[in-house]
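One structure is given here, and the rest of the page talks about it.
A, B, ... follow the sequence lines: proteins, then strands. Residue 1 opens every chain. Here the structure is a predicted model, which is why all the values come from computation and not from measurement.
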2 protein chains.
Amino acid sequence: MIDVAREAGVAFKTVSRVVNGEPVRRESLERVDAAIAKLGYRRNIGAASLRSGRSRTVGLLVYEISESFQLSLAQIVEAALAEKGYRLVVASTMGLGEREAEFFESFCANNFDGLIVLPSTVEQSYMRPELEAGVSIVFVDRPPKNLETDVVLAENREGMRHATEYLIAGGHRRIGFFSLKLDNYTGVERHGGYRDALDAAAVSYDERLVSEWPETRQQALEALDAMLALPSPPTAFLSGASPLAKRLLWAFRQRKITPPFVSYDDFELADLFEPPVTVVSQDSRRMGLAAVDLLLQRMQGDTTPPRVVRIPTHFIERGGSIMPEA
Amino acid sequence: MIDVAREAGVAFKTVSRVVNGEPVRRESLERVDAAIAKLGYRRNIGAASLRSGRSRTVGLLVYEISESFQLSLAQIVEAALAEKGYRLVVASTMGLGEREAEFFESFCANNFDGLIVLPSTVEQSYMRPELEAGVSIVFVDRPPKNLETDVVLAENREGMRHATEYLIAGGHRRIGFFSLKLDNYTGVERHGGYRDALDAAAVSYDERLVSEWPETRQQALEALDAMLALPSPPTAFLSGASPLAKRLLWAFRQRKITPPFVSYDDFELADLFEPPVTVVSQDSRRMGLAAVDLLLQRMQGDTTPPRVVRIPTHFIERGGSIMPEA
DNA sequence: TAGCTAAGTGACAACGTTGTCAGTTTCCCG
DNA sequence: CGGGAAACTGACAACGTTGTCACTTAGCTA
């Protein structure tokens, strides 16, 4: 910057002004621009954010960037922030609580202006000091544990209830449910929606029809086999999340069956299966925009009490019979 | 840091030493550690990299992070770098040359220590000033245009030739090829492999059997229809990349056909189609490790001439008949 | 114990910016 | 043409670290 200033015959502060688009005389501007082009000068963002205290950068912490919903969310958040002049840095925790804390450290050390978190299932009280020190944080998908922040949630319960009602309307009374772990918000809510629908239709709840988070394809197959071996086996299936849906579709394949099936969470190619997979889709666009909106407000100094925004899901019916096979 | 030093009763330079794991007296260490914990101090990475000139951060520029190969590569690169104490920041250009240049700017402004680039199809001479100024850059997947750097490449040509030979061995003489654009390295190489195999088997090349980068499902369907309407239509198909495979599978579905089909690039759920999709898989692990290896060498001051590393592909046969239907 | 080495510590400058504030120029008005 | 406001400019400190180098202390050897 000093070199540029010398080249242009102005003070280096004037170069700073040009770089930041502050008003300068037309002539100074031209000479500085020319000098910048000539010397190939590039502003050092690190130094700027050190001095100013603002980095114009936001962090996004997800658990598995390859999942369709999270990837889509990341893209929408990035675009929305870019429009406001902010960069986005994404980190993927792979569901490990330790990685979540580690990335949080790193985000703070880089003095980001804000943070959007899709929390893993651990608790987040370790974020309290920064939150109270004025760092802007918004949670998405699940609320924080032991912490009070803005949250953007999907209507998990209603979405899952709708999916269940759809199968019940097809005449099913025995519905196998492949569930997320029940130790976290989304797991509990989606399971709750399943149960709500059963209760409303006076269908009895049978815990043998619920498999909690088979971690692999093989485990999903074993869970499926166990259900099929029941005296009164399920005639249709629900999945509580897309990774489960993929494992389950593999298991169906192994057993050469194509039962009526609905999954919470859309995923790529879901429409190309035979039969295509009907899904409950979370509105990543609205959720992402809501999160950015809340975050920007906080970053502008809003100190009102934390808010909760709930975004409805979409039911995407892709056809395929939902009638029992028998 | 000054506060921590006061709390511990040492000079702030000693705190710096503790934070960086340099040798200090046992007693100083304990008192500084205690002060750090008490005050919740966090080292400012930006300031550190400003002073030291090194950021211990590497950038990865891809064109579409949601593609299976690129995502996998990113994960491997991240793990390999983390092991050496480097952070990774990923940016996705969506194949837009402008975004590539823009991110490159941003990478430089953040004074990253190194950069791994999966280039879009534009040329990269704009990187020359930094490269000559000593910034470490490694290209992956495609070589740079108008620039000399280390490159890690897959054996595109051999992979595609193998896939084509596989179909020829099944008795096919008319093979439809859905190709990448032919204005870039991977497009040309894979097309070259297809042609090599035809030539070797004395099968004549018919350009009506080649569709260059249908951009949408609908366009893929139109291209497919055009081929099927030929007097001598194709009896098997090849895809030059996974996005094409997905469009083509949709098109097959529309026409209710399941012809023998092989795709370059593996993708998630390829094994769950009916019939499953046989693929040529790029070895993202070896390619990622090779890239990191080259980059670290450059970052340690290696100034030998640029090298080219070629990594073989794997042919993953997933079954399904490859015999002509007729 | 003098003399030397090794280990540890501290003072201070420097990294490349932006904020502050005082100074200078330009422009407009009466 | 004088006066005052507005526009612009520049000197300098500060952001939170690390590099350099000189200094102090401890430990060893002769």
Closest contact, heavy atoms only, A:Ser28 versus A:Thr14: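 Result for this residue pair: CB-CG2, 4.4 Å.
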Minimal non-hydrogen separation, B:Leu131 against B:Glu148, with atom names: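 Heavy atoms only, the tightest pair is CD2-O, 3.4 Å.
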Rounding to a whole Å, what distance do you find between [X]:[atom1] and [N]:[atom2]?
X	N	atom1	atom2	result
B:Leu50	D:dC15	CG	P	14 Å
B:Glu22	D:dG19	CD	P	7 Å
B:Asn110	C:dG16	CG	P	15 Å
B:Arg6	C:dG10	CZ	C1'	16 Å
B:Glu27	C:dA7	CD	C1'	15 Å
A:Arg43	C:dC15	CZ	P	19 Å
B:Asn20	D:dT17	CG	P	10 Å
A:Ile2	C:dC15	CD1	P	8 Å

Pi-cation contact, A:Tyr86 with A:Arg56 (under 6.0 Å, within 45°):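 Relative to the ring axis of A:Tyr86, which defines the angle, A:Arg56 lies inside both limits.
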Quiz item: cation-pi between A:Arg142 and A:Tyr63, 6.0 Å / 45°: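 Pair A:Arg142/A:Tyr63 counts as cation-pi.
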Axis bend over the full length of the helix from C:dT1-D:dA30 to C:dG30-D:dC1, computed from five pairs that close each end, to 10 degrees: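 Computed from the C1' atoms at both ends, the axes differ by 30°.
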Qualifying residue, where the test is side-chain contact (heavy atoms from CB on, under 4.5 Å) with B:Asp283 and the options are B:Ile311, B:Leu73, B:Leu289: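 Of the listed options, the one satisfying the test is B:Ile311.
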All salt bridge (Lys or Arg N to Asp or Glu O under 4.0 Å) counterparts of A:Asp141, not counting sequence neighbours: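 A:Asp141: no salt bridge (Lys or Arg N to Asp or Glu O under 4.0 Å) contacts found.
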Flag for B:Glu67-B:Gln70: side-chain donor and acceptor within less than 3.5 Å: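 B:Glu67 and B:Gln70 do have a side-chain donor-acceptor pair below 3.5 Å.
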Short side-chain N/O contact to D:dC15 OP1/OP2 from B:Asn44, under 4.0 Å: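 For D:dC15, OP1/OP2 do not have a side-chain N/O of B:Asn44 under 4.0 Å.
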B:Ser16 side-chain N/O to D:dT17 phosphate OP1/OP2 under 4.0 Å: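 It does not, given that no N or O in the side chain of B:Ser16 lies less than 4.0 Å from OP1 or OP2 of D:dT17.
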Nucleotides 7-14 of chain D: protein proximity per nucleotide (B base, S sugar-phosphate only, - neither; heavy atom, under 4.0 Å): -SBBBBBB
B:Tyr126 and B:Phe104 aromatic ring geometry - parallel, tilted or perpendicular at 30°/60° bounds: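 Perpendicular: the ring planes of B:Phe104 and B:Tyr126 meet at over 60°.
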Short N-O contact, B:Asp113 and B:Arg54, less than 4.0 angstrom: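 Here B:Asp113 does not pair with B:Arg54 in a salt bridge, since their nearest N and O are not under 4.0 Å apart.
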